[in-house]
There are 2 protein chains.
Amino acid sequence: MVVEDEPADRLFHALADATRRDILRRSVDGELSVSRLAELYPMSFAAVQKHVAVLERAGLVSKTRQGREQLVRTRPDAVRRARQALDHLESLWHGRVDRMADLLAEPEGPRTREAPERKGTDR
Amino acid sequence: MVVEDEPADRLFHALADATRRDILRRSVDGELSVSRLAELYPMSFAAVQKHVAVLERAGLVSKTRQGREQLVRTRPDAVRRARQALDHLESLWHGRVDRMADLLAEPEGPRTREAPERKGTDR
DNA sequence: CTAACATACAACCAAATGGTTGTAGAAGAT
DNA sequence: ATCTTCTACAACCATTTGGTTGTATGTTAG
């Protein structure tokens, strides 16, 4: 990947795994520790730990120490952020997006070198 | 990954790349061919072709032949599907989800072996 | 103190990803 | 017919990902 540190990349990547989405759902109440979560899936503790780490780097969950356990809690705002990225995409059809707001919304577009030498028949 | 053929996996994975999200935005009107898109990014035609293929397998775009060109068009419904997956997640905080509707919404949860021998001190 | 539990993290591995180049086939333009 | 354009796809390569095991460290229970 060219850029890949973009927050949106991490966000959607974190969501692109069934186990991680399941962790998100189960951690809404913030009651479960990493070990408790790990008991729920057919993989090692370390694997689940990594999944939680991916979710954490994406800002989708936070961990809080509670004694020797680390409680995982899904962060509502992050999910909302992801949804808004999609909202923005969807809004393009409804045509209500002026180009200015569009550019401000997500300053992405990896080095979009704005259509160089179009020497050809131009359409 | 344990399962990975799940549509949601492909959906979010397809969205987890800045180039692909940009393609989605630019293809809302379905005017651009793969070659025209390829001119916009600092990578080979084949690379862009692969990105479009990923988007297509995720159901996010469709291609229609127009002469020798293949026009790419973003599919509104797919984006809406992704958004709804997030909506569902978000709704968990608002507490308005009974467990039944929850299970119907996404029959995922990869082999969730429902908390096996909890022999320990049980909290 | 010692034992058991929860976490953190390194090292390793197979498979997937994102990129490349090269070859080949279809469709238009000349 | 020939040339050019657009697309499709295979082969290859470096890096990342998702999993493993092993080791170390901190925290609670006896």
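Just the heavy atoms: all of them, side chains too, but no hydrogens, waters or symmetry mates, feed the values below.
Nearest heavy-atom pair, Arg10(B) versus Arg57(B), reported as atom, atom and distance to 0.1 Å: NH1-O, 3.7 Å.
When distances run from any side-chain atom of Arg68(B) to the nucleotides dT20(D), dA29(C), dA6(C), the shortest one goes to dA29(C). Nearest nucleotide to the side chain of Met43(A), out of dG19(D), dC6(D), dC9(C): dG19(D). Between dG18(D), dG18(C), dT21(D), one nucleotide has an atom nearer to the side chain of Arg20(A) than all others, and that is dG18(D). Minimum atom distance to the side chain of Phe45(A) is reached by dA8(C), of the listed dT20(C), dA8(D), dA8(C). Which of dG18(C), dG19(D), dC9(D) sits closest to the side chain of His51(B) comes down to dG18(C). When each of dT20(C), dT17(D), dA8(C) is scored by its nearest atom to the side-chain atoms of His13(A), the top-ranked nucleotide is dT17(D).
Contacts between residues 56-64 of chain A and DNA chain C, defined by a heavy-atom separation below 4.0 Å, involve Lys63(A), listed by number.
One interatomic measurement links the two molecules: CZ of Arg10(B) to P of dT17(C), which rounds to 10 Å at whole-angstrom precision. The distance from atom CG of Asp17(A) to atom P of dT17(C) is 12 Å, rounded to the nearest whole Å. Here dG18(D) presents its C1' atom at 12 Å from CD1 of Ile23(A), a figure rounded to the nearest Å. The separation between Glu39(A) atom CD and dC5(C) atom C1' is 12 Å, rounded to whole Å. A straight line from CG of Leu71(A) to C1' of dA6(C) spans 11 Å, rounded to a whole angstrom. Per the geometry, CG belonging to Leu32(B) stands 19 Å off P belonging to dT5(D), to the nearest Å. Note: CG (Leu55(B)) to P (dG18(C)) measures 11 Å, nearest angstrom.
In this structure, the side chain of Glu56(B) does not engage the main chain of Ser62(B) through any donor-acceptor pair within 3.5 Å. A donor-acceptor contact shorter than 3.5 Å is absent between the side chain of Arg21(B) and the backbone of Ala85(A).
Contact check, Gln49(A) against dC9(C): no side-chain N or O comes under 4.0 Å of OP1 or OP2. Taking side-chain N and O atoms only, Ser44(B) has no distance below 4.0 Å to OP1 or OP2 of dG19(C).
Checked against salt bridge (Lys or Arg N to Asp or Glu O under 4.0 Å), Arg68(B) has no partners two or more places apart in sequence or in another chain.
Arg26(B) is not listed as a side-chain neighbour of Glu31(B), based on a closest heavy-atom distance of 4.5 Å or more.
Summary of the strand contacts: Gln66(A) and Val54(A) both lie near DNA chain D, and taking for each the nucleotide with the nearest heavy atom, the more 5' one is attributed to Val54(A). Position along DNA chain C of the nearest nucleotide to Lys50(A) versus Arg65(A) favours Arg65(A) as the more 5'-ward residue.
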Do any side-chain atoms of residues 73-83 of chain B form donor-acceptor pairs under 3.5 angstrom with protein atoms, and if so which ones, sequence neighbours left out?
residue	atom	partner	partner atom	Å
Arg73(B)	NH2	Asp29(B)	O	3.0
Thr74(B)	OG1	Leu24(B)	O	2.7
Thr74(B)	OG1	Ser27(B)	O	3.4
Arg75(B)	NH2	Asp77(B)	OD2	3.3
Arg80(B)	NE	Glu90(A)	OE2	3.0
Arg83(B)	NE	Asp87(A)	OD1	3.4
Arg83(B)	NH1	Asp87(A)	OD1	3.3
Arg83(B)	NH1	Glu90(A)	OE1	2.8
Arg83(B)	NH2	Asp87(B)	OD2	3.4

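Once rounded to the nearest 0.5 Å, the distance linking CG of Leu11(B) with CG of Leu60(B) reads 5.0 Å.
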